[in-house]
Amino acid sequence: MGLKSSLRRLVGKPGSAGFGKQHTIAVAAGELESELEQLDDASLKERYDALWGPMDGRNELREFCALAREGARRTIGERPYDVQLQGALGILDGTVVEMATGEGKTLAGAIAALGMIARGRRVQVMSVNDYLARRDAEWMGPLYELFGIEVGWVTGTVDHDHRAAAYAADICYGSVSEIGFDLLRDRLRTSVDQIVQPEPDALIIDEADSVMIDEAKVPLVLAGSLPVSDDGGNLADVVRKLIKQEDYESADDGMQVNLTDHGLRRVEELLGVDNLYAEGNELLLSKINVALYAETLVQRDVDYIVSDGTVRLVDPNRGRVAQRQRWPDGLHAAVEAKEGLELTDHGEILDTITVQALIKRYDLVGGMTGTALAAAEQFRGFYGLETGAVPTNAECIRIDQPDRIFENDQDRDAAMIELIKQQHGERRPVLVGTHSVAGSERIADLLREDGIEPAVLNAKNDEVEAEVIAAAGRLAAVTVSTQMAGRGVDIKLGDGDTDEHDQVAELGGLLVIGHGHYHTRRLDDQLRGRAGRQGDPGESVIFVSLDDDPNTSELQLRWAIDDETGEISSQQLIDKVEQTQRISEGALLDTHQNSWNYSQQLESQRNDVVGYRDRVLRDDLAAVEFARLCPERWAELSEAVEPEVLEEAARQVMLHVLDRAWSDHLAFADELREGIHLRALGRETPLMAFHSACDQAYRGLRDGLLGKATEAFETAVITADGLDEEASGMERPTSTWTYMVDDMAFGSPEDRFLQAVGGVIRRAMRTD
């Protein structure tokens, strides 16, 4: 890092990275444009190959930008703007670059990848979902191919051989979850030739704030399947008979629900149990509480959908189905029981990794997003990355209207529908952003009642997102979509038709309507940013309802309310909503920081385990240890078994014991974390208590590892064919799947934020 960059980190404000040098280079690249247009493809590639090396001089970077621009023009039909080249150079320097929606971030990232390759790097491009990973790899493929660069992609549907080939390519595209889970799977391989990922080198992150901030709240957890054994159906029937307020009470934040004394007696009666708190009933009581959570706090078509007879989780950060993910066993089984579905296998945690730890493995990290500056402090604090904004190619003339606030949800929705009808009657395209599947379907149903058939995009049909979003700028289009962040599709007025573009522009461009605020300004801004691309006109407005908190309806409102529409006119109230959003952002940052603090020690322990495991996997360490610790058993087996077979059997025994010990340690840490807050009652700091207990447990793991391995080796069934895993009781899971877990399992951040909005406004009204 240069002196100037170091000084900026010491005294500069996060988000203040400048791109003056990159701008000068990008502009200068235009001087070579006419010359390069005359070259054939082979000559263009030769010029690129000649740059391979540090490529840090101004003339080299100018040449590189000019080559990339010409390559993009002739392969994918796009001539990068100067600002795209400027952004690519910023990414190449290891910065998170803010580029507005519609400014061509995908191409800027591809150019940066070409630059990293020229500097001798192997590159992975990380996105928020499988769809974008495959689309961008295939879209940019011809550009890479022109310069002799091999590109691959991984998604949740590809097999092992495809993964290995994709990661072996010069550039590999994949979602953050898929890349992370492949790393976790590689850490459990029992043969070196099964490993698919190379050593991490350079990383480019698309939609960087979505990946590094939103996704980072959810640790990646790999689990192994175990047979199901649960009486969740019976317990679901029990909690379904309970009455709110009389038998249970839920917290205002929608995060907790508890049995009342009456409810406890009711459950004991229904189960035929004398005392649920008696010794031996702990597990039953825990299952009852989880079933109550599932019944009252986990919402269908908000937190999950039911499709093809299975519960499929909805990722709250994306509004999409979370592929191959599930909640921890008890909750997932309880939701299945609630829906009357066949219970699926449960499992045990095999390994976990945080998104921060995953990304910090790479030597060089750069990224791009439309809303980097709003997360600049977190990029610096969690990742040590600087951020800066690249100006738009054309001035943004979008009009962002002030919030429209209504007394209740019904009035809010009615006003929204009326505005959509009015604009649709003029044939102006409208995009409505909602928070949930249920919300999108409710708005769509209201529109249909008024004779408007909208295009709907949510977790139930996100496979058609490209066509739906791309067409959202057509004349008279009405589109209703959950979470727009990470959709990755540019909305062009008229969908590329020049005449239609001009007609839509005359109508004011795309109108974006938010069905309530998101929990963070970034997501609001990403929704608004769908309008007004590349200097086009556009408009946005967010409709807010006080009905997001059920207690609001009991208030005696003191501000000016329109008796006919229920709309409230008050700048003070708008300011209160914005303040609530800032409070929500602060709470999410605290949650992120808290999760990060708890994960640090485990990550250090994990690195120690992985290092030792890698030595066992790649060397003869296990054979050396067992020959030393079990000389008689080793000598006996050596007489009947080939040396290579015995060495491999020893390796598999050691790996099994190590993996079993680590899984048990993770289970201990998880259980410890669940109850660590109780340490505060004893005047202990929970975080320090957690680290102390976790450290002591890990020391026990390391100290007892060889002893357990020795016991396992002494009793293992080893034949001329090698280790008999089944006979030795060392079978491995037949399949793996992933958890979706975080500190806010019940209800999306948006749902909790909307409830908080009503709460803050209610308190403001009472003191007005």
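Keep in mind the model is a prediction, meaning the values are calculated, not measured.
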query: For Phe382, which of Ile359, Leu589, Val355 qualifies under side chain to side chain contact (heavy atoms under 4.5 Å, CB included)?
result: Leu589
Going by atom types only, do [X] and [Y] share a side-chain donor-acceptor pair under 3.5 Å?
X      : Y      : result
Gln534 : Asn393 : yes
Asp206 : Ser127 : no
Thr479 : Ser481 : no
Tyr144 : Asp170 : no

Is there a donor-acceptor pair under 3.5 Å between the side chain of [X] and the backbone N or O of [Y]?
X      : Y      : result
Arg119 : Pro54  : yes
Asp495 : Arg474 : no
Gln124 : Pro200 : no
Thr520 : Leu523 : no
Ser175 : Asn129 : no
Asp186 : Gln197 : yes
Gln84  : Tyr81  : yes
Arg428 : Gly509 : yes
Arg122 : Ala169 : yes
Asp524 : Tyr518 : yes

Is the shortest side-chain heavy-atom distance between [X] and [Y] below 4.5 Å?
X      : Y      : result
Thr155 : Tyr131 : no
Phe19  : Leu89  : no
Glu60  : Phe64  : no
Gln378 : Met212 : no
Asp130 : Thr157 : no
Asp136 : Val125 : no
Arg189 : Val196 : yes
Lys492 : His501 : no

Is a salt bridge present between [X] and [Y], judged by a nitrogen-to-oxygen distance below 4.0 Å?
X      : Y      : value
Glu585 : Arg582 : no
Lys45  : Asp41  : no
Arg47  : Glu70  : no
Asp182 : Arg185 : yes
Glu178 : Arg163 : yes
Arg521 : Asp525 : no

query: Is the number of heavy atoms from other residues, nucleotides or ligands within 6.0 Å of CD (Glu377) greater than 12?
result: no
message: Heavy-atom count check: over 12 atoms from other residues, nucleotides or ligands less than 6.0 Å from His23 NE2?
response: no
Enter the distance from [X]:[atom1] to [Y]:[atom2] here, rounded to the nearest 0.5 Å.
X      : Y      : atom1 : atom2 : result
Ile111 : Leu67  : CD1   : CG    : 11.0 Å
Gln423 : Leu511 : CD    : CG    : 5.5 Å
Arg522 : Ser210 : CZ    : OG    : 6.5 Å
Leu507 : Asp502 : CG    : CG    : 11.0 Å
Ile491 : Leu431 : CD1   : CG    : 5.0 Å
Leu51  : Phe147 : CG    : CZ    : 9.5 Å

message: Ile542 vs Arg528, test: side chain to side chain contact (heavy atoms under 4.5 Å, CB included). Steps then yes/no.
response: CA-CA 9 Å; Ile542 296 177; Arg528 294 185 194 273; 3.3 Å; yes
message: Tell me whether the rings of Trp52 and Tyr48 are parallel (<30°), tilted (30 to 60°) or perpendicular (>60°).
response: perpendicular
message: Determine whether Gln22 and Ile25 satisfy the following criterion, side chain to side chain contact (heavy atoms under 4.5 Å, CB included), listing intermediate values before the conclusion.
response: CA-CA 5 Å; Gln22 290 88 344; Ile25 293 170; 5.7 Å; no
For the student: nearest non-hydrogen atoms of [X] and [Y], plus distance:
X      : Y      : answer
Ile353 : Arg606 : N-NH2, 4.4 Å
Ile213 : Ala375 : CG1-CB, 4.1 Å
Gly529 : Thr101 : O-CB, 3.2 Å
Leu92  : Gly115 : CD1-C, 3.6 Å
Ala133 : Trp153 : O-CB, 4.1 Å
Val83  : Val390 : O-CG1, 3.5 Å

task: Please assess Leu143 against Leu107 for the test side chain to side chain contact (heavy atoms under 4.5 Å, CB included), listing each intermediate value before the final yes or no.
output: CA-CA 10 Å; Leu143 172 60; Leu107 179 53; 4.0 Å; yes
message: For residues 75-98, which residue pairs pass the salt bridge (Lys or Arg N to Asp or Glu O under 4.0 Å) check, not counting sequence neighbours?
response: Glu33-Arg79, Arg69-Asp82
message: Filter on salt bridge (Lys or Arg N to Asp or Glu O under 4.0 Å), then keep only pairs touching residues 389-398, sequence neighbours left out; what's left?
response: Arg398-Asp400
- request: Could you walk me through whether Arg187 and Leu222 pass side chain to side chain contact (heavy atoms under 4.5 Å, CB included), step by step?
  value: CA-CA 11 Å; Arg187 287 179 173 178; Leu222 190 70; over 6 Å; no
